[in-house]
Amino acid sequence: MSLIWVPVLPLLGVLVALILGRFPRSMLALGTAILPAVALGIVISLIPDVFAGNIPTFYAEWVPLLSLNVSFMLDGLGLMFTLLILGIGLLVVLYARYYLSPADNAGRFYASLLLFMTAMLGVVLSANLIQMWFFWELTSVSSFMLISYWSHRSDARKGARMAMTITGAGGLALLAGLLLIGQVVGSYDLRTVLDSGTLIAESSLYPVIVILVLLGAFTKSAQFPFHAWLPQAMAAPTPVSAYLHSATMVKAGIFLMARFYPVLSHTELWFAVVSLVGLTTLLYGAYTALFKHDLKGLLAYSTISHLGLITLLLGLDTELASLAAMFHVINHAVFKASLFMAAGIIDHEAGSRDMRKLNGLFRYMPYTATLAMVAAASMAGVPLLNGFLSKEMLFAESLHQDILGSLSWLIPLLVTVGGALAVAYSLRFIHDVFFNGEPIDLPKTPHEPPVFMRVPVEILVVLCLLVGVFPEFIVGDLLMAVGASLMPTGVPQFSISVWHGFNMPLLMSLLAVLGGIALYKQRKVMFTFQARFVEVDAKMAFEEGVQRVIARAVSLQEWIDNGSFQRYSFWMIVAAGFALGAPLINLAEARGSLPLTGIDPVGLGGALLLIVGSVATLLLSHHRLLALVTVSVVGLVVSMAFAWFSAPDLALTQLSVEVATIILFLLALYFLPQRIGLHHLSPGRIVRDLGIATVLGALVGTLTFAMLSRPVDSISDFFTANAKTGGGGTNVVNVILVDFRGFDTFGEITVLAIAAIGIYKLLAGIRLFAPSADMDGRPWSKDANPMMLMQISQSLLPLALLVSAYIFLRGHNLPGGGFIAGLITAIALIQQYIANGVEWMRDRGDLKFQWFIVCGLSIAFLSGAGSWAFDRPFLTSWFDYFYLPLVGKFELASAMAFDLGVYLTVIGATLSILANLGKLTTGHRPTRPDGGS
Amino acid sequence: MMHLPGLPVLLPFFAAVFVLLPWFNTRLPQQRIVTQLFLLLLVALCSFVFIDTLQNGPRAYAMGDWQAPFGIFLIADSLSAFMLLLTAILALAAHLYACAGEDETGRFFHPLFLFQLMGLNGAFLTADAFNLFVFFEILLIASYSLLIHGGGRERTRAAQHYVLFNLIGSAFFLIALAVLYRAFGTLNIPDMAARAAQLPEESIPLAKAGGLLLMVVFGIKAALLPMHFWLPRTYGSTSIPVAALFAVMTKVGIYSLWRIHTVVYGENAGEVAGLGMDILSWLAGATLVAGMIGALASKTLRWLIANLIIISVGTLLVSVSLQTEAGVAAGLYYTLHSTFVSGAFFLVAGIILMQRGQAEDRFVRSRPLLYPRLTGVLFAIAAMAVIGLPPFSGFIGKLFVMQAAYDAGQAHWVWPLILVSGLVALIALSRAGTTLFWRTQGTVVPEAKERVSRLHFMGASMLVAMSVVLVIAAGPLTEWSMRAAQDLHAGISISALNRVVEGEVVE
Amino acid sequence: MELIYSITVGVMVGCSVFLMLRGHTFSIVMGLTLMSYAVNLFLFASGGLATHEPAILADGSEYSDPLPQALVLTAIVIGFAMTAFALILAIRARADLGNDQVDGRASESDVLANKLEGEKLRQSPEKPSGGKYR
C-alpha cells in the first residue's frame, strides 16, 4: 500500500466533510472518520517494515527546476508522529461529534480539522525540505481557520490572527533556514541533507541556519518568548485545543528540532540556545499555570511548560536525552489531550471553565472525575503513569550536564522546581474542580456526559496506565525506531522501566511531589503575591503593538505621499535629471568630433524669438491668455525652424497642428479661470523649481550639443535610396510615414481616434455654467456668429477643401500628405462652426464624426490587410504607373489608400474633439441670476 | 500562418473598430456578446502563438515587408507569447465581470477595452524602439479613457494625476529615443543589441544617457520608486474591471526593461553592459519598502491591493536587477502569478464592496455579506496567493525569485525584503479579511441581491482559478519561463530576422 | 549654429519644466506644449541640422536625414491628441472638482476667481447620453 495515501486520504476526507455537512451529525462524524481510519490502517500495516529498519518512500516530480518535488518517507520519527496525529485525530473527531452544539456548522469544522490533519501528516512525512515548509505553513493556515471557528467572537478573531502572525513569521524564518540548508547541501532531499551533517556544521552559514530553523520551531512550539499566542488560541473549540494545542501542532516545532537533530545539534550554539530556552519555558509555563483560573488557561500554560521540558531534553548533550524527549512527546500528547477533553466535558456539562466556580464536581460526575484525576496525576508525574517515566528520565539526564560550567548544578535544581510546580498545578486542577466544597452558581447542574463523549478520554487514560506500567512492551520498539532516525550512528542501550531502584532521580521526584503539595498548601499566600502583578492580556498587547505599527505606517505614508501632483512630477523630473546627468558628468567634453556649422542671422533671430517666447510664457503663466499667445508664437517659430532646416513636411504639420491646438486652448480657456494668483507660490518653492528647471534645461541643452556634434552611422540612407524604387514616392518623409514605417502611422491615427472617443466620454454629461464675462468683467460678445466671419468662412470652405485635396494628392511625392490635408479640412470645417454656430451646422446635416473615424480606420486597416491576398505581410505597399488619355501618366499606390484612411481619421477625430467642446460654448447658455461683473 | 505574430495586434484593432460602428451605439447587449466572442478568439489565438513559439521558436513579422533593421518588425518569442496569453486571459475575465453592468455607466467601454488590448499586445510584440513608444501611447490614451469610465470626482482627480504624469513621461521617452537613435543609428532593438558592443567611443555617453532615461520612463510604467505615486490612487479609484485589467499595465514597464535593458544593455554589451542595474536594485528594494508601508496604511481594500501591487513590482524589479537568466525566468513566473492574482483580487474586492452598501470596501464594521461563503473562499485564495502561502501560486513565485537571488549572490538583502514583505501582507490581509467578513452587525444589504450577478463571480473565479493552475502546472511553466529567459538572453540576429522577409521561420 | 540650437532647446526645456511644476493643469499643459516643441526640436536634431537641402528626391544631391523627421511627425500628432485630452480633462476637473488644481489643496486664488465669475460648479458622473441602452 503506497505511502502517498496517508496524507491524501485525509485530504479527500475534507471533501467528504463538506459534502456530508448537511447530513445528521453521527453520519457526518462517521463519514469524516472513515478515510483517516483507513490511512491509520495503512500506517499500521507499515509498522513492521519500519521497525525492521526500512524506510517506505514515495517520490514524484513536481517542480524540478526549483527542486520542489512530491516526496514522502516514513521513518521512525515520522511513524511516531503519524500515529499520534491519526490516532488522536480520530478520537477528536468522535469527541467533537458530541461537543459541537447543533447551531455550529459541523461540516466546516470537520473539513478544517481534516485539512489540518493533512497538513500535519505532510510535515512529518515530507522527505523534501521545501515540501515540508509547504505543509508547515498549511498547518498555520488551517489552524487559523480552526481557532477562528467561532468567528463572531472578537477574541476568537484576535487570537487566530495572533497565532497566525507569530507562527507565520516563524514560518518565514524557517523557509529562509531550509533554503539555506538546501543551498549549502546542494539538494532539498531530506535524506541527502541528513547524510551531510558535517557539510552543514562546517559551512560559515551554520549559525544563521540554526537560528532561523530554531525560530521556526520555537514560534510553533510556543517557546518563551514566543509563547504568548498559545493561551490566546484557547478561544478555539475545546476539541481543537485537545488536538492542535496538546497533541499535534505545538509538537510540530519539536518535530522540526528532532528532524534536524542529527545535522544541526551537537554544537555549543545548539545546546546553549535550545536548553536555556527550554528551561526558561518549562519554569515560566509551570509557574504561570498555577495562577490560571480558567481550566483551559491552566492546561495551556502547562502545555507550554511541558513543551519547554521537551525542548530542554533536546538541548541536553546526552544521548538518551533526545530519546526521553520523544518519549515525553507521546506521553504528553496522551495525557494532555485527555485532560483537554475532560475540561471540555466539564465546560459542556457544567457550563463554566472557571475554577473559582467549579467545585466538588466529583459528586456530579464521578466517572469523568476519576478519568481526569488519573490524567492529571500523570501530568504531575506520579509513578505507574506514563508522565512519571519521562520525567524520571529528564531528572536523570539533568544530573550530568556541564553546559553551565560550574553552575551546572543549577539545572537539576531548577528542573526539580519545575516538577514541583507541575505537581502543584495538577493538584489544583484535581482539588479545586472535583472537591473543595460545592459548585458556585453554575449555569446548569453538572452531570455525566453522553457515553461516547467519554470514550476518547477513557482510551487515552487507559493508554496512560498501560504505558506507565509496561513501557518497554508498548513503546520500546517505537522508541528504538525513533532513536534510529535521531541517532543514525546508532542508538545507545536504554531501558525504560518503572523501577530503577533507589537513586537520585527517584529522590528528585519525591522532592518534586512533596514540594508541589507544599506549594499548593501555601497557594493563598502565592495568589495574594501574584495578585500584585498587573495582568497583561497578551491579545490586547499584541493588538496594540500592531496598531502602533500601523499608526506609524500611516503617518509615514502621509509624509511620503501628500496627494500633491507637484511632488510626484518633482520626483520624476529629479529622476530624469539623474539619468541624464550621470553620463554627462563623466563626460569630459560635450563637444564631439563633428565640425560645427556657422552661425547665420536668420537662425539666430529664430533662436532668440524662441527663447524670448518661452521665457515670456513662463513669466506670464499666471495670466493665461497672454501666456497662450506667447506659446503660440513659439509654436509658429518652431514650424518656421523646421522649414528653415529643410523639413517642409514638419513645418506644414506643425503649422496646422498649431492652429488646431490654439483653437482648442481658446475654447478651454473659456471655461477655465483665465488668471490665477501666485499667492500659493512660496518663495522657497519658486527657488526650488527654478533650480531644477535650470538643471534639467542645462542637461538637455548639453545633450543636444553633444548629440549634434557627434557623428552617427545611421540606417536612414536606406530610405532615401529606396523611397522611389521601393516606395514609389519622392517625398522620403511621406514614404517613410505611409510605407517604411507605416505601422507607426497606423498606431498614430489609432491614438487620435481613441483620444476623440475618450474626450467624448470626458464631455458626456458634463455640467458647466459658461461664464458670460471674462476676468475683468468684460462681457463676452453676445453676437455668437459675426457676419463678416460668416461670409469669409463660407467662401473659404470650398477653397480650403480644394487645397486639402491638392495637399493630399501630392503628398507622396511632394510635401503634404493625408495628415496635413485632414487637418486643413478639419480646421476649415471648424471655422464653419465658429462662424455659424453649432445649430447652423446641424441644420446642414451634422457630420457624423464617428463614421469618419470608423471609415478612416477601416480603410487604413483594409489597405494594409489587402497585401494578405498576395501573401505578403501587413501594410506591404504596392504601386504602379498607369497611362490615361488626357490625364497622362500617373501613379497609383496602395499607400495612397492608406493615406486616405489617415485623412478621414484625422478629420473625424479633430472635428469631434473641437466640435464637442465647441458645442458646450454655444447652444443653450443659461443666464446667471446674479449679473456677474 | 506567416501572419501569426501580427494578429494579436490586428485582431483587437479590428474588433474595436467593428464595435465602434455607430450601429452598436444603442445596442449594448450586442456589444457585449461581440466583444466576448472576439476576446475568446484572442485567447485561442494567443494560446496558439504560445504553443507555436514553444515548439518552433520565435517568429518574426516584417511590417510592410521591409527588411531589418529598416522596417518595423514584430517578434513573437516565448517571452512575448507568455505576456500575450496572460493579457488575453486577464482581459477575458475582466470583461466578463464588466458585462455585469460596469459597462453601462458610460459609452464606448468595449471599443476602448479592445484598443487597450491592442496597445498592450503591440508593446509586447514590437521589436522597434519607436514603435514601442507608439504602442505605449495607444495603451496610455486607452487607459486614460478607461480610467475615467463611469465618471465621478475621485476618478477625475486620479485621471488628472495619471494623465499629466504620463504625458511628462512620454516627453522623456521621446528624448531618450532621440538620444538612442543618435547613439546607435538604428531603432530596431535586435540591431541595437548587435551594435551595442562596438559603439564608437564618443557615442557611449549618449547610449548611457538614453538608456538611463529610458529606465526612468519604464520605471514610471512599472511604478518604480520614486515614480510610483500615481499607482494607488489610479487603481484605487477607477472602476473595478478596469483596475483588474490595469493589473497588467505595470508589467509592461517590467517587460520593456527586459527587452531593452536586459538585452541591449546585456552582459555582452561591452562598455554599456548592465547599465544602471546597481541603482535599479536599490530603488527596487526601496519600492518594496514603500509598498509595505502603503499596505499597512491602507484604509480600503482597493488601496491595499494597489499597494500589494507595488510590493510585487518591487519584487519583479529586484528580479530584473539580478541580470541573470534565472532572474528573468523567476520574474516571468512571478509576473504571471501577480498579474492574475491582483486582477482576481480587484474583482473580488468589487464583489465585496457591492455587498457592503455604504461601507463599500473600507475597513470598518458593517453589514454582513450576502454571499459570505463563495466570496470568502475567493478572498482567502487570493489573499494566500498574494502573501505567498501554500498551496497557491505566490509561494512558488517567491521561491523562484529567492533561489534566483541566491544564485546571483544577492540573497543577503533580497531574502529579508521578500520574507518581510510576505509577513506585512499577512498582517494587513488577515486584518482586512477578518474585518470585512466577520466584524459585522445588522442585516445584509438589500440591494446587494440585484447588484451582484453570476457574471461577477464567474470573472473573479476564473482568475482565482488561474492561481491554482499556476501551481499545478508549475513544473512545465517554470521550465518554459526558463526557456523564455534563455531565448531573451540569446537574442535574435538581424540575418535571422531577414530570413523572415524571404518567408522562412526564424530558428 | 549647433550651439545656439542647443541653448534654445535647453531654455525651452527649462521653462517648460518650471511650468510643469506648477499647481494648475492649465499651466502644466502649457508647459507640456512648450516641452513638446522642445522635444520635437530635440528629436529633429538627432538627424543633424541641415539647411538648404532638398527634402524631396532629386538627382544626385545631399539629403537631410529623413527618419527623424518622420518620427517628429508622428510625435507631433500624438502630442496633439494627448494635449487635447489633458486640456479637456482640466475642464472636466473644473466641472467636477471646482478648479483645475492638482496640488491637492484649493488655493484662495481660485476661490476668488470662482467668486468673480459667479459660477456654480458641481460634480456630475458621466451619464450615457442616450440614457440606459436597451
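Each chain gets a letter, A, B and so on, in the order its sequence line appears, and its residues count up from 1.
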Chain C contacts, top residue of B:I175, B:V179, B:I168, B:L174 (heavy-atom pairs, under 4.5 Å): B:I175
Please rank B:L164, B:I138, B:L140 by heavy-atom pairs under 4.5 Å with chain C and give me the top one.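 Most heavy-atom pairs within the cutoff with chain C belong to B:L164.
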Name, in order of residue number, those residues of residues 73-81 of chain C that have a heavy atom at a distance of less than 4.5 Å from a heavy atom in chain B; otherwise write 'none'.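 If one takes a 4.5 Å heavy-atom cut-off, the residues of residues 73-81 of chain C near chain B are C:T74, C:A75, C:I78.
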Atom group of [X] that falls short of 4.5 Å from chain B, counting heavy atoms:
{"X": "C:L32", "answer": "side chain"}
{"X": "C:I28", "answer": "side chain"}
{"X": "C:A38", "answer": "neither"}
{"X": "C:M82", "answer": "both"}

When rounded to the nearest 0.5 angstrom, what distance separates [atom1] in [X] from [atom2] in [Y]?
{"X": "B:F136", "Y": "B:N131", "atom1": "CZ", "atom2": "CG", "value": "11.5 Å"}
{"X": "C:F42", "Y": "C:S6", "atom1": "CZ", "atom2": "OG", "value": "9.0 Å"}
{"X": "B:L125", "Y": "B:L132", "atom1": "CG", "atom2": "CG", "value": "11.0 Å"}
{"X": "B:F113", "Y": "B:T35", "atom1": "CZ", "atom2": "OG1", "value": "9.0 Å"}

Is there a side-chain contact (heavy atoms from CB on, under 4.5 Å) between B:Q31 and B:L28 once you walk through the steps? CA-CA 5 Å; B:Q31 284 192 40; B:L28 195 61; 4.2 Å; yes
Taking only residues two or more places apart in sequence or in another chain, which ones pass ring pair (Phe, Tyr, Trp, His ring centres under 6.0 Å) with C:Y37? none
Which residues pass the ring pair (Phe, Tyr, Trp, His ring centres under 6.0 Å) test with B:F135, not counting sequence neighbours?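 Partners of B:F135 by the ring pair (Phe, Tyr, Trp, His ring centres under 6.0 Å) criterion, ordered by chain and then number, come out as A:F743.
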Can you check whether B:F18 and B:F24 have ring centres sitting under 6.0 Å from each other? yes
Tell me yes or no: between the side chains of B:E137 and B:S170, is some donor less than 3.5 Å from an acceptor? yes
Picking from C:L71, C:V39, C:L43, which has the most non-hydrogen pairs under 4.5 angstrom with chain B? C:L71
For chain B, the option from C:G47, C:G48, C:S46 that forms the most heavy-atom pairs under 4.5 Å: C:S46
Using modelled atom types and a 3.5 Å cut-off, is there a donor and acceptor pairing between side-chain atoms of B:W66 and backbone atoms of B:M63? no
Taking salt bridge (charged side-chain N to carboxylate O under 4.0 Å, His left out) as the test, write out the residues that go with B:R233, two or more places apart.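 By the salt bridge (charged side-chain N to carboxylate O under 4.0 Å, His left out) rule, B:R233 matches no residue at all.
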Residue B:L187 versus chain C: region with a heavy atom under 4.5 Å: side chain
Is it the backbone or the side chain of B:F130 that comes under 4.5 Å from a heavy atom of chain C, or both, or neither?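 The side chain, not the backbone.
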